[in-house]
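Residue numbers begin at 1 in each chain, while the letters A, B, ... track the order of the sequences.
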There are 2 protein chains.
Amino acid sequence: MAEYAGVSPKTVSNVINDYEHVSERTRTVVREAIDALGYRVNIAGRQLRQGRTGMITLAVPELDVAYFSELAKHVMAEADRAGRTVLLHQTGGERGRELAALHGFDTQFSDGVILSPLSLLPRDLATRDRRLPVVLLGERPAEGDTDHVGIDNVAAARDATAHLLARGRRRIAVIGGAVRGRQGTDRLRTDGYRQALRDARVPFDPRLVVPVEAFHWRDGARAASRLMDLGTPPDALLCLNDHMALGALRALHEAGRSVPGDLDVVGFDDIEATRFSVPSLTTVAPDKPRIAREAVALLLHRVDAPDATAPGRDEVVGHRVVVRESSGG
Amino acid sequence: MAEYAGVSPKTVSNVINDYEHVSERTRTVVREAIDALGYRVNIAGRQLRQGRTGMITLAVPELDVAYFSELAKHVMAEADRAGRTVLLHQTGGERGRELAALHGFDTQFSDGVILSPLSLLPRDLATRDRRLPVVLLGERPAEGDTDHVGIDNVAAARDATAHLLARGRRRIAVIGGAVRGRQGTDRLRTDGYRQALRDARVPFDPRLVVPVEAFHWRDGARAASRLMDLGTPPDALLCLNDHMALGALRALHEAGRSVPGDLDVVGFDDIEATRFSVPSLTTVAPDKPRIAREAVALLLHRVDAPDATAPGRDEVVGHRVVVRESSGG
DNA sequence: CGAGATATTTACATCGTTGTAATCGTCATG
DNA sequence: CATGACGATTACAACGATGTAAATATCTCG
């Protein structure tokens, strides 16, 4: 490349990086050589020299969970705007792989990591190497010094539950909920649900909180079937994500229950499919574009101005309850 | 690292790469140093020296199309088994980005590319740099010298159509179909559909072939609505992917048509959602795990035994029509 | 015209890894 | 004991990009 243009490698580098003291003539010559050869900077070389690659990693539990693939799309668009490339990574929600992402093991040539954790523990964050910029999405295993972007899960669940209560529902089940245990998304949303009940002076029935294995269709379907077998079945299902809600709709259909005739169903995430299900699904919609924007902004800020001692920032983005047919919309 | 272990860098390299002439003692010392420091090979360094990274790229049009995210999962699992890491890349189906993937521009870090193209042209393949190993999935813009893995689209559409014909359907519409133009997936499947009609001596009505902008829910819904407004509406919809089929189900519901009472609906891809829709969806199921396995195998073969002159191989994997409620199952 | 300032370009070293080839040690054999 | 063979380790160079500092070219002004 350099010899083709008849200049030193460093000059090529200078042109590429828009160094100001390059004569107009050389600049042109080098640019033409670049075009002629289809030359591209070797990222490995740059990475070795500068420790930077211009790439960031997005690590999510599962790509075939629509919420994450939709989010990934937004993050990629946002990164694109900032001239960065995104490496997509899947953790399966396993702590080991989340830790690996947190330390940049599998993805060492990325400048930072946006991680959506499921099983990470507070101590994992405490002991992490703070030289690798990290932004957490959704769950936040610990308060404190790691950047985080998410919705107010407690308020979101409270709003969704209040919506059901306002429609006269009184026996509202929570699919995927958790009454005790660490402050994961499930626990926070269940707390919000209980707050709404309390506000409306509706008694809390622990049998209506159904934990699940994973947040998948089948888990939602299974939980819904089981709930309908109760002596006094629920009159509404608050499902902690849309996939489970859609699975529940299917199970209710099989059980001969009408939605929203016999009972209401509400989901979380506002994935594309909720607009097309029968009935269409009421859901809590987080502001995904904004989550992506904030996450990328926070990450790039740390990438561009490394400061391991800077305190963690917490961005809470908005959410809204999108009412559709499954709860009377 | 090397100085911590008290040996030369090359010895560390030898230990890592299981070079045989390393004394048991040094091997242990180095291993312990590696553990103590949490040392990991720097991929940029290795890439610079060897031109290899141990990573492969999977480039698909859109990650939030379930078929691709499900496929991505299988590819990642398969790559994992071979000790490789997968970089996921999104092209949006744009020719420019597909070309970039084909040339390893955005992903020069990877040893090879598995690309699922949508708009790539035959000449793009003819002029590609054959030093970068590439495997094409699904669409195959040109016969010839590039490895390819896919199902027999003509046969698959023929089978699905035959299934509908066997159920007595006679006015079968094709959503996403194409009667002329390049031999893309849409065209091949439409050809298969026409073969089935011919075999059954059912006349072909071009008005029943509805092209769409993208293979998304909304396109399926829109096409279905439009079809139901015809003088003699169809009695079955063959949708060229599941998202469109699910969108169509929704539109039919809104139009007050019963599935499979008034008409049948069939999709393609067998995504998870088809099992939970109401009604559940009959679909053509490609053998995704096998597609992933073959693609990774073909790619790694080229990565490990580079030979730019080796002729392209074509793996045709099986498919089957999974009959569910939407066509009477 | 010459000195100093400024603009432009380049030489050199380095990042981490590893292929090649050289070095150093050890051991067996004649 | 000398020699050769082989095992273990290391010196060196190079992959490509770029920060630093030095070299070279050009310009300005007295």
Side-chain angles (χ1 to χ4, degrees), chain A residues 1-34 37-55 83-85 103-111 129 131-132 303-304 306, chain B residues 1-34 37-55 83 85 103-111 131-132 303-304 306:
Chain A
M1 171 63 209
E3 67 263 39
Y4 178 93
V7 298
S8 75
K10 176 62 182 171
T11 299
V12 176
S13 171
N14 285 339
V15 171
I16 288 171
N17 295 292
D18 288 319
Y19 179 60
E20 60 177 334
H21 296 305
V22 176
S23 73
E24 209 41 62
R25 197 167 42 75
T26 5
R27 200 178 293 275
T28 314
V29 170
V30 172
R31 289 248 168 83
E32 277 164 1
I34 288 177
L37 300 181
Y39 167 86
R40 306 228 127 201
V41 195
N42 181 314
I43 303 187
R46 174 178 285 175
Q47 145 96 318
L48 202 51
R49 178 66 233 235
Q50 304 192 303
R52 293 281 203 81
T53 60
M55 316 196 164
R84 317 292 174 117
T85 306
H103 291 106
F105 283 174
D106 298 331
T107 54
Q108 51 172 263
F109 41 53
S110 87
D111 298 340
D129 181 348
R131 280 167 307 184
L132 176 70
V303 168
D304 295 334
Chain B
M1 173 60 210
E3 66 262 41
Y4 178 94
V7 299
S8 76
K10 177 61 182 171
T11 299
V12 175
S13 170
N14 286 338
V15 170
I16 287 171
N17 295 292
D18 288 321
Y19 179 61
E20 59 176 336
H21 296 306
V22 176
S23 72
E24 209 42 62
R25 198 167 40 77
T26 356
R27 200 179 294 274
T28 314
V29 170
V30 172
R31 290 248 166 82
E32 276 165 4
I34 287 177
L37 300 181
Y39 166 87
R40 306 226 127 203
V41 194
N42 180 314
I43 301 188
R46 172 178 286 175
Q47 146 97 319
L48 203 52
R49 177 66 231 229
Q50 303 192 302
R52 293 280 204 81
T53 60
M55 323 193 119
T85 306
H103 291 107
F105 283 173
D106 298 331
T107 55
Q108 46 172 273
F109 255 131
S110 81
D111 298 339
R131 280 168 307 183
L132 177 70
V303 168
D304 295 333

Sidechain-backbone polar pair: B:R40 side chain, A:G104 backbone, donor-acceptor under 3.5 Å: no

Closer to the 5' end of DNA chain C via nearest nucleotide, is it B:Q50 or A:T11? A:T11

When the distance from CD1 of B:I16 to P of C:dT18 is rounded to whole Å, what number comes out? 7 Å

Closest approach to the side chain of A:L48, judged atom by atom: which nucleotide of D:dG16, C:dT10, C:dT17 is it? D:dG16

What nucleotide, of C:dT17, D:dA17, C:dT10, holds the atom closest to the side chain of A:N42? D:dA17

Do the side chains of B:R46 and B:D111 get close enough for a salt bridge, i.e. N-O under 4.0 angstrom? no

Main-chain N/O of A:V41 paired to B:Q108 side chain as donor or acceptor, under 3.5 Å: yes

B:M1 CE to C:dC15 C1', in whole Å, measures 17 Å

Is A:F109 close to A:I43 at the side-chain level, that is, under 4.5 Å between some pair of heavy atoms? no

Would you kindly give the CG-to-P distance between A:N17 and C:dT9, to the nearest whole Å? 15 Å

Considering every strand and a 4.0 Å limit on heavy-atom distances, what is the contact class for A:V7: base, sugar-phosphate, or nothing? sugar-phosphate

I'd like to know if B:R49 reaches the base of C:dT17 with its side chain, counting only an N/O donor and acceptor under 3.5 Å. no

Would a distance-only check, ignoring hydrogens and angles, find a side-chain to backbone donor-acceptor pair under 3.5 Å from B:N17 to B:Y19? no

5′-ward residue of the pair B:N14/B:G45 relative to DNA chain D: B:N14

To the nearest angstrom, how far is B:F109 atom CZ from D:dA17 atom P? 12 Å

Report the distance from atom CD1 of A:I43 to atom P of D:dG16, rounded to the nearest whole Å. 14 Å

Classify the side chain of B:R46 and the base of C:dT17 as holding, or not holding, a donor-acceptor pair under 3.5 Å. no

Given side chains that start at C-beta, do those of A:Y39 and A:I16 come closer than 4.5 Å, heavy atoms only? yes

Tell me the interatomic distance from A:Q108, atom CD, to C:dG16, atom C1', rounded to whole angstroms. 10 Å

Whole angstrom value for the distance that separates C1' of C:dG16 from CZ of B:R52: 18 Å

Output, in order, the C-alpha distance, side-chain angles, deciding distance and verdict of side chain to side chain contact (heavy atoms under 4.5 Å, CB included) for A:R27 and A:N14. CA-CA 9 Å; A:R27 200 178 293 275; A:N14 285 339; over 6 Å; no

Go through residues 19-27 of chain A and report each residue with a non-hydrogen atom lying under 4.0 Å from DNA chain C, sorted by number. A:Y19, A:H21, A:V22, A:S23, A:T26

Figure out the CD/P separation between A:E3 and D:dG16, and round it to whole Å. 10 Å

As a test of reading the structure: which of C:dG19, D:dT18, C:dT10 is closest to the side chain of A:S8, going by heavy atoms? C:dT10

